[in-house]
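The figures here come from the full heavy-atom set of this structure, side chains too, leaving out hydrogens, waters and symmetry mates. Per chain, numbering begins at 1; letters A, B, ... match sequence-line order.
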Amino acid sequence: ELKVEQNPLFLSMQEGKNYTIYCNYSTTSDRLYWYRQDPGKSLESLFVLLSNGAVKQEGRLMASLDTKARLSTLHITAAVHDLSATYFCAVDITGYALNFGKGTSLLVTP
Amino acid sequence: DTAVSQTPKYLVTQMGNDKSIKCEQNLGHDTMYWYKQDSKKFLKIMFSYNNKELIINETVPNRFSPKSPDKAHLNLHINSLELGDSAVYFCASSQDPGHEQFFGPGTRLTVL
């Protein structure tokens, strides 16, 4: 059974600081996704990582994938309040279902 | 233009009732999904459809019955609702299996 583990599950950080969220998974896959969810809202696709060594950046967020280590990271640079949300990683091994981590609730404070 | 839409957005009902949630996508995608998000925000796949055919039924009670009248629609019917069915249900679609999934706004179901 595929397990997807995110850490930390809760993260409070000051504006301007850097931090990394980790996503480990238990079964080989080369399809990993990062989503953002604001309270009471839907899931917004942030990054699609489809190969070993893939790195993608959007604004203050950068995601990477190491399929050999079964690890993806979401790096936050110089955090701002608008980044406060819950971030999910999800792994697809069948093509027909996303297996989600438990999510990381991020709070950026002044 | 809304890409993936769901109705209703909120659904409050009594135990034992039967209810339906509708999902429509205007992206021309071939694959659609239902996910359940529980009170702890954990998301789990329920069903996957490809070209109107059921592909995945992920240990969901048979009180839940998806129906796909065409490739743009995937509805979810729930019989004999139970307290534990209270959750947010998300519909999603993708161009093909294994492609990026786009999520609807969710339906918050509360069973009293």
Check: Do K102(A) and K40(B) come close enough that some side-chain heavy atom pair is under 4.5 Å?
Finding: no

Next item on the list: Report, as yes or no, whether the 6.0 Å neighbourhood of atom CG on N62(B) holds more than 12 heavy atoms from other residues, nucleotides or ligands.
Entry: no

Note to self: Under 4.5 Å between side-chain heavy atoms, counting indirect links through other Ile/Leu/Val/Met/Phe/Trp/Tyr residues: same cluster for Y22(A) and F47(A) or not?
What the structure shows: no

Checklist line | L43(B) versus chain A, the contacting section by heavy-atom distance below 4.5 Å | finding: both

Next item on the list: Check D92(A) against G98(B) and note the closest heavy-atom contact, atom names and distance.
Entry: OD2-CA, 3.5 Å

Next item on the list: Supply the atom-to-atom distance L54(B) CG to Y96(A) OH, rounded to the nearest 0.5 angstrom.
Entry: 11.0 Å

Item checked: Structural part of E44(A) lying under 4.5 Å from a heavy atom of chain B -> neither

Checklist line | Contact summary for Y33(B) and G95(A), nearest pair of heavy atoms | finding: OH-O, 3.9 Å

Check: Considering residues, nucleotides and ligands other than F64(B), do more than 12 of their heavy atoms fall under 6.0 Å from its CZ?
Finding: yes

Notebook entry, point to check: What heavy-atom pair brings S105(A) and K41(B) nearest, and what distance separates the two atoms?
Noted result: OG-NZ, 3.9 Å

Item checked: ILVMFWY network linking V80(A) to L74(A), side-chain heavy atoms under 4.5 angstrom -> yes

Notebook entry, point to check: In the single-linkage hydrophobic clustering (I, L, V, M, F, W, Y; side-chain heavy atoms under 4.5 Å), do I55(B) and M46(B) co-cluster?
Noted result: no

Note to self: Within this structure, what is the CD1-CZ distance for the pair I45(B) and F100(A), rounded to the nearest 0.5 Å?
What the structure shows: 8.5 Å

Check: Does CZ in F10(A) sit with more than 12 non-hydrogen atoms of other residues, nucleotides or ligands closer than 6.0 Å?
Finding: no

Which donor-acceptor pairs under 3.5 Å do side chains of residues 100-112 of chain B form with protein atoms, sequence neighbours excluded?
unit_1  : atom_1 : unit_2 : atom_2 : d
E100(B) : OE2    : S45(A) : OG     : 2.4
Q101(B) : OE1    : Y35(B) : OH     : 2.8
Q101(B) : NE2    : Y35(B) : OH     : 3.4
T107(B) : OG1    : Q6(B)  : NE2    : 3.1
T107(B) : OG1    : P8(B)  : O      : 2.6

Next item on the list: Go through S94(B), A92(B), P97(B) and name the one with the most non-hydrogen pairs under 4.5 angstrom from chain A.
Entry: P97(B)

